[in-house]
*Asks:* 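Provided herewith is a single structure, encoded as C-alpha cells, for subsequent inquiry.
Computed from a prediction, not measured in an experiment: that's the story for all the values here.
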Amino acid sequence: MKVDFTPERLNPNQLIWNSNRRKKETVVETTASLSPEKIKDVPIKQLWGTRKRPDFVQLTTLISHIDTAHELTTIRAPFTGELIGTVPICTTEDVQMALQRARDAQRSWSKTRISERKAIFLRYHDLVLDRQEELLDLLQVEAGKSRLTAQDEVFDVVINTRHYAVRADKYLRPHRRKGALPLLTHTMELHQPVGVVGIISPWNYPLALTISDAVPAILAGNCVVLKPAEETPFIALFAVQLLYEAGLPHDVFQVVTGKGRVVGPVFIKEADYLCFTGGTSTGRLLAGQAGERLIKCSMELGGKNPAIVLDDADLDKAVTGIRGGSFANAGQLCVHMERLYVQSGIYDRFVPEFVRRVKEMKVSPAMDFSADMGSLISQDQLDKVTLHVEDALQKGAILLTGGKARPDIGPFFFEPTLLTGVTPDMKVYADETFGPVVSIYKFDEVEQAIQMANASSYGLNSSVWTRDVRRGEQIARQLKTGTSNVNEALNAAWGSVDSPMGGMKASGLGRRHGMEGIMKYTEPQTVATQSLMLIGPNRFMPPVLYAKTMTVILKLMKAIPGLR
Ligand code: NAD
C-alpha cells in the first residue's frame, strides 16, 4: 500500500509543506533555528559538484503518513555546514498510525512464502551494489564520513542482506524436537514473527545500523517502523526507497522522522520488539521501559574498546590495523579502539611508528577515497571530544600527536589524537569518547594487560596482536567483550555475520548477526501432539501403575542412546 498523500513541494526557501491530495489548507511552519538570511542560500551545491543529487523532496514523501503541516527540522552537511534538506518532525499520532499500518500489513506479510521475501532481498542486494555511488555520496554528505568508511556501510548491508536472504529459510524452518514420550509425542519447534518491530538507530553508521538490523526482522515475517537519528534521515529514506524498488510493500517497512523522546515511548507502548542502537544511557532508559511492558528488546550500546599489542606482534600489520580500527569514521564507531595496551618489549618501536603513521593521515572532506578520516558529525560531538582531550591535558596527560579542532578544514573536524600518561581521574580514561582519541598504556605481563582491558564497565569489542595465533586466541577468550579479534581491530569479527555480535556489560543486551540476529525477532513456539494415551494417570493406568511405568520409561530413556 502506498502513502496516501504527496507533498507537492517542500520549498526550502519557505519551508512549507503543501499537502495537495486532500486539498487541505497549507500551513506554514519554519524551524526556529533558521534565520531568513540563512534560508536564502540553500541549497548550496558545492559538495555535490557534478554528482547526481538525490531528490530530497521526493525522499520526504516516503516518511510514513505525513499528511498535515509539521514542524520541520533542518539537515546539514557536517563537512561544510551547508543545508542539505528539511524533514518533518513526526508527532506521537504519526508514529501511532505508522505502527497501526505496520500491524495491519504484518498479518498478510507473515503469510507470504519465505522464498518470496528472499527474492525481494536478493534484488535489493544487487540494487545496493548497482546504486552504491549514490549511496556513498549521500553517506559522505549527510554523515561527514570518509568515502572508505561509507564504503564499509554499503558492504555491511550487502553482506547482511545476502546472509539472511540465503539462510532465512534454514534459520526459520520448523524443527522436529524430541517429544515428551518416545514415539507417542510428536513435537515441533516453530518460530513465529513477533509482529511489529520498532528500530531506533544512531547517526554514526546510518545505513548499516538501520538496514542491516531490519533485513532479518522482515525476512522473519515482521513489519518494521524505523526511526533514524535526527542527523541522518535521508540515507535511511534513500535505502528504504531502494527496498521499495526491489518490491517490498511500503507498509512492511516505514520510516518516521523526528525526536527519540517522542517516538521512543510510542514504540515502547505499541510495538512488539524494540531494536535500539545508541548510547548506553539511552539504552538503559529504553530497556527499563521495555521491561515494564515485558516486550523483548536488543540494546547495542557504547564501548571503550581495548587493543593489546604483544612483544611478538607484526609491527607494520599492528600499526596499520590499529590505526584503521581507531580512526575509522573519525572514531565515531562503537567497536573502534580507544585504549591501547602495548607490551614493554615492543613499546619503544611501536609507539614512534604509530605516531608517525597517525601524523601522516589525511583528514579532509574529499568526496573520493583520498581521505583517511572525515569529520565529526556535529558541534556536540566536537565539544565532547575537545572536552575529553583538554581535561586529560590539564590533568597531566602527554599529547603525542593531534589534540586540536580543525575549523580550517570544516566546522567539526578534529585531528587524530594520541595520548599517553592517562590516569583514572581523566574523563578519557574510562568514559567513551566516541571520537578520534586513543590512549596508550605500557604493560609488562600479559595478565596485567588482560586485567586492564577488562577493567571497564563496557564490553563491546577487543583486539589482540601477536604472531602466536593460538596464544592470541587464548587471550581473546579471556577478554570480557562480545567480539574479540586476533590480528585485526574490528573487521574480522564484525564481518563474520554468521556469528553473533553485541555487547557484554554496559555495552548491551542481545546480539545482531548469526542465528541470534534473526531469532530475536521471533517467538519460539512448541507444538506437541500426543498420540494414543494421555500423559498422566488415566482410566487404564491408575496413579501407582503410572508412576512405575514412567520410572521404567525414564530409565530406558537414559540407557538407550537414541532416546536420550
Ligand atoms: P543516542 O543514544 O543519543 O541516540 C541514538 C538514537 O536514539 C537516536 O535515533 C536518538 O534520536 C534516539 N533517542 C535519543 N533519546 C531517546 C529517548 N529518550 N527515547 C528513544 N529514543 C531516543 O546515541 P548517539 O549519540 O546517536 O549514538 C552514539 C552512541 O551509539 C555511542 O555511544 C555508540 O557507542 C553507540 N553505538 C553503538 C553501536 C553498537 O552496535 N553497539 C553501534 C553504533 C553506535
Side-chain angles (χ1 to χ4, degrees), residues 1-12 14-22 24 26-31 43 53-76 83-105 135 138 142-143 196-203 206-207 209-211 214 218 223-246 248-264 266-267 270-271:
M1 206 189 297
K2 287 205 164 157
V3 180
D4 63 356
F5 85 105
T6 310
E8 204 168 51
R9 73 201 160 101
L10 176 60
N11 182 338
Q14 295 165 302
L15 294 176
I16 295 175
W17 269 102
N18 197 344
S19 163
N20 67 339
R21 208 173 271 177
R22 297 184 174 193
K24 277 187 181 166
T26 300
V27 183
V28 181
E29 299 279 346
T30 62
T31 46
R53 268 178 89 225
D55 183 343
F56 289 111
V57 175
Q58 194 272 330
L59 284 177
T60 58
T61 67
L62 302 179
I63 297 167
S64 185
H65 215 68
I66 304 287
D67 63 351
T68 54
H70 277 71
E71 195 186 338
L72 301 173
T73 186
T74 53
I75 310 303
R76 291 184 175 276
L83 180 67
I84 57 174
T86 51
V87 289
I89 299 174
C90 290
T91 61
T92 301
E93 291 70 35
D94 297 326
V95 186
Q96 281 169 332
M97 270 192 274
L99 290 167
Q100 188 53 51
R101 288 153 75 103
R103 195 161 296 290
D104 294 344
L135 284 164
L138 182 52
E142 193 174 50
V196 175
V197 173
I199 297 184
I200 299 182
S201 57
W203 43 262
L207 176 63
L209 298 177
T210 53
I211 301 299
I218 296 171
C223 287
V224 166
V225 181
L226 163 73
K227 193 212 82 69
E230 283 89 326
E231 295 83 352
T232 51
F234 285 119
I235 189 69
L237 289 166
F238 193 88
V240 168
Q241 183 183 42
L242 293 185
L243 268 171
Y244 295 161
E245 279 179 36
L248 193 75
H250 285 213
D251 286 355
V252 172
F253 191 166
Q254 299 167 77
V255 179
V256 290
T257 48
K259 296 175 179 152
R261 63 174 188 277
V262 172
V263 178
V266 193
F267 277 6
E270 299 187 20

*Asks:* Can you name the closest pair of heavy atoms from Gly260 and Glu230 and give their distance?
*Replies:*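 Closest approach of Gly260 to Glu230: N-OE2, 3.4 Å.
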*Asks:* Ignoring hydrogens, what is the shortest heavy-atom contact between Ile235 and Pro206? Give both atom names and the distance.
*Replies:* CG2-CB, 3.3 Å
*Asks:* Counting only N and O atoms by type, is there a donor-acceptor contact under 3.5 Å from the side chain of Arg103 to the main-chain atoms of Glu270?
*Replies:*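 Yes.
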*Asks:* Sort out for me which residue in Pro233, Pro228, Ser64, Cys90 forms a side chain to side chain contact (heavy atoms under 4.5 Å, CB included) with Val255.
*Replies:* Pro228
*Asks:* Using side-chain contact (heavy atoms from CB on, under 4.5 Å), reason through Val95 and Thr92 one step at a time and then give a plain yes or no.
*Replies:* CA-CA 5 Å; Val95 186; Thr92 301; 5.9 Å; no
*Asks:* Spell out, as yes or no, whether a donor-acceptor pair under 3.5 Å connects the side chain of Tyr244 to the backbone of Leu62.
*Replies:*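 No, the answer is negative, given that no donor and acceptor are paired below the 3.5 Å cut-off.
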*Asks:* Measure the CD-CZ distance between Glu231 and Arg76 for me, rounded to the nearest 0.5 Å.
*Replies:*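 Atom-to-atom, Glu231:CD and Arg76:CZ are 13.5 Å apart.
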*Asks:* Do Cys223 and Asp251 touch side chain to side chain, with heavy atoms closer than 4.5 Å?
*Replies:*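 Cys223 vs Asp251: side chains apart.
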*Asks:* Output the distance between atom CG (Leu226) and atom CD1 (Ile200), rounded to the nearest 0.5 Å.
*Replies:* 9.5 Å
*Asks:* For Glu142, what residues pass the side-chain hydrogen bond (donor to acceptor under 3.5 Å, both in side chains) criterion, not counting sequence neighbours?
*Replies:*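 If we apply the side-chain hydrogen bond (donor to acceptor under 3.5 Å, both in side chains) test to Glu142, skipping adjacent residues, there are no hits.
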*Asks:* Check Val225 against Ala98 and note the closest heavy-atom contact, atom names and distance.
*Replies:* CG2-O, 3.9 Å
*Asks:* Which heavy-atom pair separates Leu59 from Pro54 by the least distance, and what is that distance?
*Replies:*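 In terms of heavy atoms, the two residues are closest at CD1-CB, 4.2 Å.
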*Asks:* Could you tell me which non-hydrogen atom of Val256 sits nearest to which non-hydrogen atom of Ile63, and how far apart they are?
*Replies:* CA-CG2, 4.4 Å
*Asks:* Does the side-chain contact (heavy atoms from CB on, under 4.5 Å) test come out yes or no for Asp94 and His70, once each step is laid out?
*Replies:* CA-CA 10 Å; Asp94 297 326; His70 277 71; 2.6 Å; yes
*Asks:* Begin with the C-alpha distance, continue with both residues' side-chain angles, and end with the deciding distance and a verdict on side-chain contact (heavy atoms from CB on, under 4.5 Å) for Phe267 and Leu99.
*Replies:* CA-CA 8 Å; Phe267 277 6; Leu99 290 167; 4.1 Å; yes
*Asks:* Run through Leu72, Thr60, Thr74 and flag the one making a side chain to side chain contact (heavy atoms under 4.5 Å, CB included) with Val87.
*Replies:*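 Among the candidates, only Thr60 passes.
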*Asks:* Is any side-chain heavy atom of Leu138 less than 4.5 Å from a side-chain heavy atom of Phe56?
*Replies:*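 Counting from C-beta outward, Leu138 and Phe56 do come under 4.5 Å.
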*Asks:* What I want to check is whether the side chains of Gln241 and Gln58 have a donor and an acceptor closer together than 3.5 Å.
*Replies:*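 Yes - a donor-acceptor pair under 3.5 Å links their side chains.
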*Asks:* Going through the distances and angles, do Leu248 and Ile218 end up as a side-chain contact (heavy atoms from CB on, under 4.5 Å)?
*Replies:* CA-CA 10 Å; Leu248 193 75; Ile218 296 171; 4.0 Å; yes
*Asks:* Spell out, as yes or no, whether a donor-acceptor pair under 3.5 Å connects the side chain of Lys227 to the backbone of Ser201.
*Replies:* no
*Asks:* For a quick test of reading the model, state the closest non-hydrogen atom pair linking Leu135 to Phe238 and the distance between them.
*Replies:* CD2-CD2, 3.4 Å
*Asks:* If you define the side chain from C-beta out and look only at heavy atoms, does anything of Thr210 sit under 4.5 Å from Ile199?
*Replies:*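 Thr210 vs Ile199: side chains apart.
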